[in-house]
Structures are given as structure tokens and as C-alpha cells.
Amino acid sequence: MQFDEMGLKDGKVLMLLPGTACDYQTNFSNVLEDLGKKYHLICVNYDGFDGKGGIFPDMLSVTEKIEQYILDNYNGRIDGALGSSLGCSFVGQLIQRRRIHMDHGIFGSPDLDQSGKFSAWLQSKLVVPLLTGFTKNEKKREKTKKKLQDFFEMNDETAEKFMGCFSKFSPESIKNEYYTDLLTWLDEDIQVPGTKVHFIYAEKMGEKYLKRYRKYFHDLEIRSFPMQHEQWVFGGREYAEPVLKAIDEFMEEA
């Protein structure tokens, strides 16, 4: 595991948790500087995605390591945690397990998919080869790059960084991360005194996700934005700036 601290030394503490097959340097590259100007950041890279050669074990084992870092270094309490996609699963687990406390749990356009073992196994068998297969030849790579640029409106540099994650990290780590995320369930109607839950809702994902968010959390704040899943971290400034403003407003709430 890798925990890098940066940003304002005396700012509110905000933990950043990246999404599937990403390190924080890639996932938050377009917003890291902005966030660092206002918060003291704890940037996390999970086992298997930290450049140390290990393999991602499962979601709960990694959650325990994140909890232990907060217990050891912050007496079990931080101001906020911000997840991107799969990183939101960690935010949810940290809230519901109650081993540590956060004042604000911020979910950055998650899907929060959950399934049984057979469905998770089947999905991982189908999806992971698609995620990693484009690295095998230049034609597939260029085709994938074009899709990313069209869907997320990524610039060339961001697209290259994102695709690089699927070649520099072990397919086994990617498979374990994807598979165990589907098996790591959230309870319904979660409520923790003193913790406010905020969702960044990407409207182009579809309304079924709104129902899912409300199913898992009792009292939540939802901000809607006209964008695709994760477009606020991978797209242009027109997507990032309104979300960054919302994050500031979340973190300022008492």
C-alpha cells in the first residue's frame, strides 16, 4: 500500500481513493493540483497498484489497511474521503464498518454494483479481458484511445496515462479488484452519526443509479451534473470545475 500526503499542511484532511485499475496519479491527475491548494491530501494506491510488485488481494483486506493508516496517523478521524468509481466502494465500507470516522463521505459518480459469486465470476471473466486486451497490438490501442477520447472527452495525454494503467499493472490485480468489488456489499439504509454522505451524480449514467444511492444511505446529499461516469476527473475543465466547487461546499458543511 502507498499513502502519499501532500497539499496544505494545515488544511482539512481529505483522502483520495482511485477507481478500477488506476493509481491516484492517473485517476486524479486533472484535479490533484486544485484539491491540493485547499486540502491536506492523503493519496492512496492499493496493493497491486502501488508499484511494489504485489497483487491486489480483495476489497476488505485493503479496507482494513486504509482504516489502520487512519487509526495510526489521525487517531481514527479524518475530515473527508473522496472516491472515484470503485474508490467509492472503499468510502462506503469505511463509513459502514465504523472503525474510523469521517465527517464527509464523497462519492464521485459511482456505480456501486454488487452481485453474487457466480455473476461476479462471469462478469470478471468477460470484462477484464476487454479492459486489458487492447494492450496487445497498436491497432487495438489506437481504437481504444479513440473511444476514450469520444466518451470521456479525454485529451491525448490523459488517454495515454489511463491506458498505461492497464499495461503496467498485473491482470491478476485488475481481476481481483474487479471481482471482489462486486462481492463486497454495502448494507441498506446506512446512517452514521456525524458523517454526512454526498454523491456526485453523473446524469448520463441513468436514473437507476439514483435509486441505488438512496437504497444504501439513509440521509444523503446528491448533486447532479450533465456528464458521463468519471468525466469530472478524466474530461475537460468544464466538467471538473463545477464538481470541485461542489466538493468545497460539501467539505464546508458543519
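Keep in mind it's a predicted model, so treat the numbers as computed, not measured. Computation of the quantities below employed the complete heavy-atom set of this structure, encompassing side-chain atoms and omitting hydrogens, waters and symmetry-equivalent molecules.
- Summarising the local packing, CD of Q2 is surrounded by more than 12 heavy atoms from other residues, nucleotides or ligands at distances under 6.0 Å.
- Atom CG of residue L14 and atom CZ of residue F250 lie 12.0 Å apart, to the nearest 0.5 angstrom.
- The shortest non-hydrogen separation linking L17 to F90 is CD1-CB, 4.1 Å.
- Residues R214 and L220 have side chains in contact (heavy-atom distance under 4.5 Å, counting atoms from C-beta outward).
- The residues D156 and K161 are annotated as not salt-bridged, no charged nitrogen and carboxylate oxygen being separated by less than 4.0 angstrom.
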Passes side chain to side chain contact (heavy atoms under 4.5 Å, CB included), F3 versus N45? Steps please. CA-CA 7 Å; F3 297 90; N45 282 333; over 6 Å; no

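- With hydrogens and angles disregarded, no donor-acceptor distance shorter than 3.5 Å links the side chain of H218 to the backbone of I190.
- The two residues Y209 and P110 have their closest heavy-atom pair at CD2-O, 4.1 Å.
- If you take CH2 on W232 and CD on E241, they are separated by 13.5 Å, rounding to the nearest 0.5 Å.
- Both L183 and F118 belong to a single network of hydrophobic side chains, linked directly or stepwise wherever heavy atoms of I, L, V, M, F, W or Y lie under 4.5 Å apart.
- Counting only distance, with no hydrogens or angles, the side chain of S119 and the backbone of G116 share no donor-acceptor pair below 3.5 Å.
- Annotation: the span from E67 atom CD to R99 atom CZ amounts to 4.5 Å, rounded to 0.5 Å.
- Put simply, the side chain of C43 reaches to within 4.5 Å of the side chain of L32, judged on heavy atoms.
- For the residue pair A21 and C165, the shortest heavy atom distance occurs at O-CB, 3.0 Å.
- For F169 against D23, the heavy-atom pair with the smallest separation is CZ-OD2, 3.6 Å.
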From CA spacing to verdict: side chain to side chain contact (heavy atoms under 4.5 Å, CB included), L16, I42: CA-CA 6 Å; L16 302 185; I42 308 171; over 6 Å; no

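- No side-chain donor-acceptor contact under 3.5 Å links T158 to the backbone of N155.
- Residues that satisfy the ring-ring contact (aromatic ring centres under 6.0 Å, His included) test with F152, not counting sequence neighbours, are F234.
- Distance check: T26 OG1 to M163 CE gives 12.0 Å after rounding to the nearest 0.5 Å.
- Every residue two or more places apart in sequence or in another chain was checked for a ring-ring contact (aromatic ring centres under 6.0 Å, His included) with H229, and none qualifies.
- Residues V127 and W121 do not share a hydrophobic cluster, defined by chaining ILVMFWY side chains whose heavy atoms lie under 4.5 Å apart.
- In this structure, V31 and L244 have side chains that are in contact, with non-hydrogen atoms separated by less than 4.5 Å.
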Evaluation steps, side chain to side chain contact (heavy atoms under 4.5 Å, CB included), between K204 and M227: CA-CA 6 Å; K204 294 182 181 180; M227 63 181 182; 5.7 Å; no

Pairs of donor and acceptor atoms involving the side chains of residues 50-63, under 3.5 Å and at least two apart or interchain, shall be tabulated with distances.
| unit_1 | atom_1 | unit_2 | atom_2 | d |
| --- | --- | --- | --- | --- |
| D50 | OD1 | K52 | N | 3.1 |
| D50 | OD2 | M1 | N | 2.9 |
| K52 | NZ | M1 | O | 2.9 |
| D58 | OD1 | L60 | N | 3.2 |
| D58 | OD1 | S61 | N | 2.8 |
| D58 | OD1 | S61 | OG | 3.1 |
| D58 | OD2 | S61 | OG | 2.9 |
| T63 | OG1 | M59 | O | 2.8 |

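- Atom CG in D34 sits 13.0 Å away from atom CZ in F28 (nearest 0.5 Å).
- The closest donor-acceptor contact from the side chain of S109 to the backbone of E230 lies under 3.5 Å.
- Sorted by first and then second residue, the salt bridge (Lys or Arg N to Asp or Glu O under 4.0 Å) pairs with a member in residues 146-155 read K146-D150; sequence neighbours excluded.
- Every pair passing salt bridge (Lys or Arg N to Asp or Glu O under 4.0 Å) that includes a residue from residues 107-120 is listed here, sequence neighbours excluded: D113-R212.
- In this structure, the side chains of Y74 and V13 come closer than 4.5 Å at one or more pairs of heavy atoms.
- Atoms CD1 and CE, from I100 and M102 in turn, are 4.0 Å apart once rounded to the nearest 0.5 Å.
- With sequence neighbours excluded, the residues that form a ring-ring contact (aromatic ring centres under 6.0 Å, His included) with F199 are F107, Y213, F217.
- Here salt bridge (Lys or Arg N to Asp or Glu O under 4.0 Å) pairs that include residues 73-96, with residues two or more places apart or in two chains, are R77-D103.
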Side chain to side chain contact (heavy atoms under 4.5 Å, CB included) assessment of K12 paired with H40: CA-CA 6 Å; K12 287 186 176 181; H40 181 78; over 6 Å; no

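- In this structure, E203 and P226 approach most closely via the heavy-atom pair OE1-CA, 3.6 Å.
- Y201 pairs by the ring-ring contact (aromatic ring centres under 6.0 Å, His included) definition with nothing, not counting sequence neighbours.
- For the residue pair L186 and G92, the shortest heavy atom distance occurs at CD2-C, 3.5 Å.
- Linking Ile, Leu, Val, Met, Phe, Trp and Tyr residues whenever their side-chain heavy atoms come within less than 4.5 Å leaves L41 and L8 in two separate clusters.
- Between E157 and E160, the closest side-chain pair of non-hydrogen atoms is not below 4.5 Å.
- Residues V233 and N27 have side chains in contact (heavy-atom distance under 4.5 Å, counting atoms from C-beta outward).
- Listed by first and then second residue, the side chain to side chain donor-acceptor pair (under 3.5 Å) pairs involving residues 174-186 are S89-D181 (not counting sequence neighbours).
- Judged by distance alone, the side chains of D189 and Y216 never bring a donor and an acceptor atom under 3.5 Å apart.
- With sequence neighbours excluded, no residue forms a side chain to side chain donor-acceptor pair (under 3.5 Å) with S115.
- At least one side-chain heavy atom of F225 sits under 4.5 Å from a side-chain heavy atom of P242.
- Applying the side chain to side chain contact (heavy atoms under 4.5 Å, CB included) test to D10 and every residue at least two apart in sequence or in another chain returns nothing.
- V91 has its side chain out of reach of I106: every pair of non-hydrogen atoms, C-beta onward, lies at least 4.5 Å apart.
- The salt bridge (Lys or Arg N to Asp or Glu O under 4.0 Å) pairs that include a residue from residues 245-254 are K38-D248, K196-E253, R223-E249, K245-E249, where partners are two or more places apart or lie in different chains.
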